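First comes the structure, then the notes that go with it.
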There are 2 protein chains.
Amino acid sequence: MTTTQERGEGLDDLPYNVFAKACPSRGTLEHVTGRWGGLTLGALYEGSLRFNELRRRVDGVSEKMLSQTLHALERDGLVHREAQPTNPPRVDYELTPLGRGIAERLLDLIHFVEGRMDDVLAARERYDETRGAR
Amino acid sequence: MTTTQERGEGLDDLPYNVFAKACPSRGTLEHVTGRWGGLTLGALYEGSLRFNELRRRVDGVSEKMLSQTLHALERDGLVHREAQPTNPPRVDYELTPLGRGIAERLLDLIHFVEGRMDDVLAARERYDETRGAR
DNA sequence: CGGCATCCCTGAGGATACTG
DNA sequence: CAGTATCCTCAGGGATGCCG
């Protein structure tokens, strides 16, 4: 028996539904919106970048996490990895068309948030002062 | 001296830049795109919901995490909490105008991802089979 | 340069019990 | 119903070292 929960309560009629725990789209969304995934996609939106360039762009990411993030994005088909067998090695990462579509929407969100930070910060102050910064 | 890193390499000229480690927008973006934040905002987009309704919508979220998530979103001014002092208590959560703006963009992203899951799944199979599912 | 392997620790987050 | 308080686990993620 299909419950409304499994179908997503009419949010949409797509075969995939992020709100359901078991849906694979949830995993991909987490890769995309995860701590480093979003910033990585955003950084690559401007053009292809090498590993260490990327690392400098995404301020604070460790080598390990960037590597791990890139693998997940590559596996999901959002990022293409192009390795040149030169010495020293040169590896470029770039968005796939699918990755571009996602990055676009992500950047839309990011820019919107950045543009509203003054409101957010003001809301925080009001909240903290009302509730005694508990 | 201001480096390109601090300014975000020309991605935008806003005073806030998610790519910088210390920028407060990074924190808010994480609330919004975090494991439960995004799903919570998405669920509230359809209309106000009570605590346990929300809990059922966001499949898999624990009581504690939902509570915590809602507090963060309320503090950032994205969600409004309306408590009625009845018995039993009734508390409704709804998006603020700012929260709506964010949720809209987030749902845009979510629906895009859901709509492309077949591509993602296909890419995964190709990846796993090439690299031996290591 | 572009990684992978390993160790280790913090904190996100689940389970449970209790309160107004 | 709508939470808060505690405990505890495990995995996210930092630091370090090594390699092609």
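Everything quoted here is computed from the prediction, not taken from an experiment. Values reported hereafter were calculated over all heavy atoms of this structure, with side chains retained and with hydrogens, waters and symmetry mates removed. Every chain is numbered from 1 and lettered A, B, ... according to where its sequence line falls, protein lines coming before strand lines.
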Take atom [atom1] of [X] and atom [atom2] of [N], then tell me their distance rounded to the nearest Å.
X	N	atom1	atom2	value
B:Leu66	D:dC1	CG	P	14 Å
B:Leu70	D:dA2	CG	C1'	11 Å
A:Glu53	C:dC1	CD	P	11 Å
B:Glu82	D:dG3	CD	P	13 Å
B:Gln84	D:dA2	CD	C1'	13 Å
A:Asp92	C:dG2	CG	P	8 Å
A:Arg55	C:dG2	CZ	P	11 Å
B:Leu54	D:dG3	CG	P	10 Å

Answer yes or no: does a side-chain N or O of [X] lie under 4.0 Å from OP1 or OP2 of [N]?
X	N	answer
A:Arg50	C:dG2	yes
B:Tyr93	D:dC1	no
A:Arg81	C:dG3	yes
A:Ser67	C:dG2	no
A:His71	C:dG3	no

Axial cation check for A:Tyr93 ring with A:Arg50, 6.0 Å and 45° limits = no
B:Arg57 CZ to A:Phe19 CZ distance, which is reported to the nearest 0.5 Å = 8.5 Å
If you measure from the Lys or Arg side-chain nitrogens to the Asp or Glu carboxylate oxygens, is any gap between [X] and [Y] under 4.0 Å?
X	Y	answer
A:Arg116	A:Asp119	yes
B:Arg35	A:Glu30	yes
B:Asp92	B:Arg81	no

ask   = With respect to the side chain of A:Phe51, which nucleotide from C:dC1, D:dG3, C:dG3 is positioned closest?
value = C:dG3
key: Exam field: side chain B:Arg105 to backbone B:Gly101, donor-acceptor pair closer than 3.5 Å   = yes
I'd like a table of atom pairs between the protein and nucleotides 13-19 of chain C - only N or O on both sides, under 3.5 Å - with the distance next to each one.
from	atom 1	to	atom 2	distance (Å)
C:dG13	N7	B:Lys64	NZ	2.9
C:dG14	OP2	B:Ser62	OG	3.1
C:dG14	O6	B:Lys64	NZ	2.5

task = For the residue pair B:Glu114 and B:Ile110, establish whether any side-chain heavy-atom pair is separated by less than 4.5 Å.
result = yes
